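Okay, so here's the structure we're looking at.
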Amino acid sequence: MVLRVGLTGGIASGKTTVAGIFEVLGIPVYYADEAAKRLMNENTALKEKIIQHFGDAAYQDGLLNRPYISQQVFQNKEKLELLNALVHPVTIKDGNDWIQKQTSAYAIKEAALIFESNSQVDLDYVIGVHSPESLRIQRSMKRDNISRDKVLLRMKNQMDEEEKMKRCDFVIYNNEEQAIVPQVLELNRKLLQLAQQ
Ligand code: ATP
């Protein structure tokens with residue numbers, strides 16, 4: 001059976017960058033954020049629930065009205081939690097179904113919120129990508145072309161980075177001092193070994 005590995009980290013910690021290196025090594029990766037976006041457009045039961053709670057304006061021509069939803073949940077913790085409570089279980093199930101179908105020694109599920117949504121229960125190991133907060137803020141501002149305040153607001157919704165890393169089985173340091181490729185190669189070797197046991 002395929003070994004199920006989670007990959008997590010804070011905003012702009014480098015999860016997608018690290019996942020891309022695993023993909024180069026031939027390891028299949030499920031991107032939870034991308035999947036959630038797809039499921040919100042394609043999963044009929046989920047769409048119905050979103051409309052029920054957020055109104056008809058949540059969809060336009062069958063597709064999620066992203067500006068409307070963002071405006072609804074931005075700075076509204078309860079509505080954000082409600083949206084997450086609808087989307088997370090569907091995405092977790094979709095990811096679990098996907099991982100079961102993989103035929104590689106191990107497969108990776110990349111998600112910003114693993115412990116927050118308790119999805120580590122369906123995973124054998126979790127890898128954390130650790131990056132200092134100052135660097136994450138800089139990278140996020142540059143990548144998304146947003147203000148420092150907006151980045152800080154987004155970060156507020158996530159579990160404390162140190163706490164998250166403590167709960168991970170392996171940590172990759174993406175801090176401009178340690179190169180990430182050798183760390184991924186080493187971890188790949190370990191995971192292949194663990195998959196054989
Ligand atoms: P999010 O969860 O916010 O989408 P993420 O954790 O997937 O982010 P990435 O998108 O991989 O993070 O990285 C954030 C930004 O920082 C990207 O623009 C990426 O190219 C850049 N970046 C990440 N790691 C490095 C690195 N080691 N060297 C240079 N740039 C990097």
Side-chain angles (χ1 to χ4, degrees), residues 4-41 64 66-67 69-70 73-75 77 80-81 83-84 87-88 90-92 94-95 98-99 107-120 123 125-188 191:
R4 305 158 304 169
V5 180
L7 178 67
T8 194
I11 288 172
S13 57
K15 295 181 292 298
T16 310
T17 308
V18 167
I21 305 170
F22 279 103
E23 281 199 291
V24 169
L25 299 176
I27 303 306
V29 180
Y30 179 89
Y31 294 91
D33 197 38
E34 227 172 70
K37 286 181 187 153
R38 175 178 54 77
L39 291 163
M40 284 191 270
N41 282 330
L64 188 75
R66 297 191 66 79
I69 288 287
S70 303
V73 302
F74 187 63
Q75 293 194 7
K77 203 164 180 269
L80 179 65
E81 277 172 9
L83 183 67
N84 283 343
V87 177
H88 283 166
V90 178
T91 311
I92 290 172
D94 185 72
W98 174 89
I99 219 160
I108 292 180
K109 217 171 144 180
E110 189 253 74
L113 309 176
I114 283 188
F115 302 110
E116 291 90 336
S117 60
N118 206 34
S119 45
Q120 78 280 6
L123 296 165
Y125 296 101
V126 179
I127 306 168
V129 180
H130 184 271
S131 199
E133 186 173 271
S134 55
L135 191 57
R136 291 195 291 124
I137 294 171
Q138 273 174 32
R139 283 178 176 159
S140 193
M141 286 170 67
K142 192 167 161 214
R143 183 193 55 186
D144 302 329
N145 196 20
I146 56 173
S147 70
R148 189 186 169 83
D149 286 349
K150 201 157 180 188
V151 177
L152 291 174
L153 257 172
R154 286 186 187 175
M155 284 181 170
K156 259 197 355 202
N157 290 320
Q158 296 197 347
M159 184 189 278
D160 174 68
E161 182 84 355
E162 303 302 324
E163 177 60 32
K164 190 176 277 188
M165 293 303 130
K166 265 194 236 157
R167 297 184 64 176
C168 291
D169 302 289
F170 306 102
V171 178
I172 288 178
Y173 295 91
N174 186 15
N175 56 13
E176 287 191 326
E177 279 160 34
Q178 285 145 285
I180 50 178
V181 173
Q183 295 180 70
V184 173
L185 290 176
E186 172 61 14
L187 194 47
N188 175 57
L191 289 166

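Read the numbers this way: they start at 1 and go in the same order the structure lists the ligands and their atoms. Everything numeric in this text was worked out from a predicted model, so none of it was measured.
Checking only distances, G14 does come within under 3.5 Å of ligand 1, N or O to N or O. The distance criterion of under 3.5 Å between nitrogen or oxygen atoms is met by S13 with respect to ligand 1. For a threshold of 3.5 Å applied to N or O pairs, the pair formed by A12 and ligand 1 contains at least one separation below that value.
With ligand atoms numbered from 1 in the order given, ligand 1 contributes 3 (O) to contacts under 4.0 Å with heavy atoms of I11. With ligand atoms numbered from 1 in the order given, ligand 1 contributes 1 (P), 2 (O), 5 (P), 6 (O), 7 (O), 8 (O), 11 (O), 12 (O) to contacts under 4.0 Å with heavy atoms of K15.
The closest approach between any non-hydrogen atom of G10 and ligand 1 is below 4.0 Å.
To the nearest 0.5 Å, the span separating OH on Y31 from CD on E23 amounts to 3.5 Å.
The existence of a salt bridge linking D33 and K37 is confirmed by a sub-4.0 Å separation between a basic side-chain nitrogen and an acidic carboxylate oxygen. The pair R38-E34 does not meet the salt-bridge criterion, since no charged nitrogen lies less than 4.0 angstrom from a carboxylate oxygen.
Stacking of K150 on the aromatic ring of F74 is recorded, both the 6.0 Å distance cut-off and the 45° axial limit being met.
A donor-acceptor pair is defined here as one N or O able to donate and one able to accept, closer than 3.5 Å; no such pair exists between the side chain of Q178 and the backbone of N174. Between the side chain of T8 and the backbone N or O of A112, at least one donor-acceptor pair lies under 3.5 Å.
Taking every heavy atom of both residues into account, A35 and Y30 meet most closely at CB-OH, 3.0 Å.
When the heavy atoms of V129, N174, V18 are ranked by distance to atom 27 (N) of ligand 1, first place goes to N174. In this comparison of R154, Q178, E176, R139, the heavy atom closest to atom 28 (N) of ligand 1 sits on R139.
Proximity of R143 to ligand 1, defined as any heavy-atom pair under 4.0 Å, is confined to the side chain (atoms from C-beta onward).
Of all protein heavy atoms, the one lying nearest to atom 7 (O) of ligand 1 is T16 OG1, 2.6 Å. For atom 20 (O) of ligand 1, the closest non-hydrogen atom of the protein is T17 OG1, 4.3 Å.
Every residue was checked against the side chain to side chain donor-acceptor pair (under 3.5 Å) condition with S140, not counting sequence neighbours, and none meets it.
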